[in-house]
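All figures in this text were calculated on a predicted structure; none of them were measured in a lab. Because only heavy atoms are used, hydrogens play no part in the values below, and waters and symmetry mates are left out as well, while side chains stay in.
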There are 2 protein chains.
Amino acid sequence: MPRKDDMQLAARRVRMEEVARVAGVSLATVSRALKAPETVSKKRLALVREAAERLGYAPNRIAGSLAGTSSPLIGVIVPSLTNAFFAATLDRMSAILEEAGYQMMIGQHDYDIEREERIVTAFASWNPAALVVTGRDHTRGTLALLTAATCPVVEMWDHDERPIDSAIGFSNRRAGQLAGRYFAEGGFERVAFVGAILSSDPRAAARAEGFAERFTEGGRQAPLIMTAAGRDIAEGGIALRQVLQQQPDTRAIAFSGDMLAVGAMFEAARLGLSIPEDIAIMGYGDLDIAACTNPPLTTIRPPHEKIGKAVAKHLLDRIGHDDAGRENLDLGVELVVRATA
Amino acid sequence: MPRKDDMQLAARRVRMEEVARVAGVSLATVSRALKAPETVSKKRLALVREAAERLGYAPNRIAGSLAGTSSPLIGVIVPSLTNAFFAATLDRMSAILEEAGYQMMIGQHDYDIEREERIVTAFASWNPAALVVTGRDHTRGTLALLTAATCPVVEMWDHDERPIDSAIGFSNRRAGQLAGRYFAEGGFERVAFVGAILSSDPRAAARAEGFAERFTEGGRQAPLIMTAAGRDIAEGGIALRQVLQQQPDTRAIAFSGDMLAVGAMFEAARLGLSIPEDIAIMGYGDLDIAACTNPPLTTIRPPHEKIGKAVAKHLLDRIGHDDAGRENLDLGVELVVRATA
DNA sequence: CTGTTAGCGCATTCAG
DNA sequence: CTGAATGCGCTAACAG
């Protein structure tokens with residue numbers, strides 16, 4: 001490991017001290033000129049900026065974070081990076097936060113709350129400016145860490161009473177209720193709900209519950225609740241066949257995701273079933289594809305991008321502004337009626 | 001802002017010094033016990049571990065990174081988080097790197113290389129253990145930063161001569177050639193290539209070039225190259241109509257993405273066109289959906305997940321091991337013939 | 001408005 | 001194998 005006073009070819013990265021020397025001011029003035037320009041005289045501000053520019057100075061954020069109160073790092077944990085919903089949320093967040101000079105550290109736990117705990121632990125040790133997690137289902141350890149955290153904590157994608165700190169999302173139970181009531185009002189007798197891995201996705205499980213709850217309200221027979229092995233489109237077709245086998249008189253199926261629904265539509269076509277005449281289909285997510293299928297998919301639209309924007313803005317509000325308080329926002333969810341149900 | 005010697009309710013985070021005190025050893029011993037257990041006697045190792053456990057000690061990674069040579073942070077920059085290809089790559093990388101104790105900082109530039117430069121600059125100031133960018137198309141500034149970087153730099157998703165440092169990907173031109181040759185051999189006379197925003201996506205542009213190059217080889221008429229306004233499924237249908245309008249005798253279309261191709265298939269159905277009899281369709285990406293459509297989509301499969309794994313492993317190899325050298329890997333690409341072409 | 005002075009929490013010399 | 005001492009590069013009091 002080379003020592004810094006060795007003769008070295010690799011130029012050392014330029015430090016604040018050199019900028020100060022070149023600009024003919026003190027270290028502190030450089031620091032202020034860069035972080036709070038309004039607290040420095042115009043004359044020196046210009047000197048510092050010019051020197052920094054000329055030397056190609058880039059501050060060392062690690063050092064800055066150690067000396068300062070907290071780091072411009074925001075930890076965000078989602079179940080999966082490949083899930084289009086969370087990707088949309090992350091996309092919006094990153095656009096806004098990057099603009100404001102924050103960096104997102106992203107972690108995924110694959111619907112495993114033990115892994116979530118490990119990631120929260122790891123993130124906490126970076127002294128982040130904020131921590132964002134998905135949902136309200138955590139281990140006791142995660143809960144303890146998050147409760148003790150000195151930075152703002154946001155639970156997103158779920159709305160409920162008494163969040164740890166702030167929560168921004170919507171009610172998944174209500175989303176399920178929307179579908180259940182719609183099927184009930186549609187006069188269907190026998191229906192089913194297909195959810196991907198309901199045991200590990202508490203949000204999908206909440207939708208299933210809400211669905212069953214509302215559908216059975218008028219004294220109707222309880223829906224068949226079926227678990228699909230995954231969220232991919234291929235599972236949709238498999239699930240359709242299974243539902244029809246277990247409950248042949250099923251006339252309507254609600255899926256926990258649009259891709260499952262589309263897979264079922266493709267499979268229905270292969271089976272010679274027409275939609276919605278033979279079987280009605282409802283999706284969840286309102287992905288771009290929903291509007292394009294034949295016939296276009298009736299689905300439920302969660303506020304994926306709205307969540308991203310709202311979380312990012314809330315964070316920016318709270319970081320720094322001591323007056324900005326916690327928040328518990330329900331962004332709502334809507335039924336988009338198209339032609340499959 | 002509370003000072004640390006104030007009476008405070010919020011417990012201060014436990015530091016290494018407290019662990020040292022409780023374990024009855026020096027600070028240095030704690031540090032060594034935690035980072036290089038083999039350099040400490042069994043007896044003290046146990047003492048330190050117990051104390052750390054009991055106090056719930058979590059090291060401050062910011063401080064560690066400042067004192068140490070570099071940080072366990074890996075900067076990864078992709079064009080878009082919502083693009084399923086990059087999402088798959090990030091997913092694999094994060095799984096492997098997280099396991100090894102590294103944190104990914106993810107940035108997206110939305111196919112804007114000026115924004116890429118800003119993100120690279122920001123990431124560099126975190127003293128990362130490695131930097132990963134997508135593709136080989138960079139501003140001069142980015143090039144300068146990356147060339148001067150003291151950490152490993154990987155350009156992924158593209159393969160070419162002379163990368164900045166390491167490169168792991170495949171040849172997009174070759175991917176295009178595969179499609180061009182297939183259409184030529186299929187005996188088509190008039191064909192088209194539809195690419196999303198070709199002006200800003202150099203990889204899609206390379207595929208278009210490769211496509212035209214091979215298709216025209218036998219003296220065939222040059223294909224119509226058409227730019228779609230976006231990557232979403234809805235654009236596929238729009239593009240199909242435009243192609244048919246501009247070149248009514250088109251008998252085969254290659255798309256720069258599976259979702260565009262699927263959108264075109266849905267639109268073709270609405271237009272009463274049958275696939276592949278009236279018009280042949282080829283996708284790119286081999287997303288899950290490709291195998292499920294009616295008929296199943298013929299497409300080209302890039303090694304999305306393989307790239308993620310290979311990049312992560314290469315990084316782990318290189319970080320620390322001075323002996324591990326640069327790499328320039330072509331992971332290949334394959335044509336998946338199904339039923340649309 | 002400015003410069004001087006102290007650390008931030010840890011990794012790493014160096015002596016023992 | 002261990003402990004004392006030093007400093008990573010910067011920010012935040014503080015006094016002028």
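Taken to the nearest 0.5 Å, the NZ atom of B:K309 stands 9.0 Å off from the NZ atom of B:K306. The distance from the CE atom of A:M104 to the CE atom of B:M104 is 11.0 Å, given to the nearest 0.5 Å.
Residue A:T29 places no side-chain N or O under 4.0 Å from the OP1 or OP2 atom of C:dT2. Phosphate contact (OP1/OP2 of D:dT2, side-chain N/O of B:S41, threshold under 4.0 Å): present. Checking the phosphate oxygens (OP1, OP2) of C:dT4, no side-chain nitrogen or oxygen of A:S26 falls inside 4.0 Å. In this structure, B:Y57 reaches the C:dC10 phosphate: one of its side-chain N or O atoms is under 4.0 Å from OP1 or OP2. Contact check, B:S31 against C:dC10: no side-chain N or O comes under 4.0 Å of OP1 or OP2.
The side chain of B:A28 lies closest to D:dA4 when the candidates are D:dG9, D:dA4, D:dT2. Among D:dC10, D:dG3, C:dT2, the nucleotide with an atom closest to any side-chain atom of A:V40 is C:dT2. Checked against D:dG3, C:dC10, D:dG9, the side chain of B:R44 finds its nearest nucleotide in D:dG3.
Between A:L27 atom CG and C:dA6 atom C1' the separation is 13 Å, expressed in whole Å. Summarising the geometry, the separation between CG on A:N60 and P on D:dC8 is reported as 11 Å, rounded to the nearest angstrom. Rounded to whole Å, atom C1' of D:dG7 lies 16 Å from atom CD1 of A:I62. Regarding B:E17, its CD atom lies at a distance of 16 Å from the C1' atom of C:dA11, rounded to whole Å. Following rounding to the nearest Å, B:W126 (CH2) and D:dG9 (C1') show an atom-to-atom distance of 13 Å. A straight line from CD of B:E38 to C1' of D:dT2 spans 15 Å, rounded to a whole angstrom. In this structure, B:L34 places its CG atom 15 Å from C1' of C:dT12, rounding to the nearest Å. A straight line from CD of B:E18 to P of C:dG9 spans 10 Å, rounded to a whole angstrom.
Comparing A:R32 and A:M16 by the nucleotide of DNA chain D whose heavy atom lies nearest to each, the residue mapping closer to the 5' end is A:M16. Mapping B:L66 and A:G68 onto DNA chain D via the closest heavy atom, the residue that lands nearer the 5' end is B:L66.
Side-chain N or O atoms of B:D110 include none that pairs as donor or acceptor with a backbone N or O of B:D112 at under 3.5 Å.
Within 4.0 Å (heavy atoms only), B:V25 reaches sugar-phosphate atoms of the nucleic acid but no base atom.
Just one residue in the list A:L131, A:V154, A:D165 forms a side chain to side chain contact (heavy atoms under 4.5 Å, CB included) with A:L146, and that residue is A:L131.
Looking at heavy atoms from C-beta onward, A:R61 lies out of side-chain contact with A:L73 at the 4.5 angstrom threshold.
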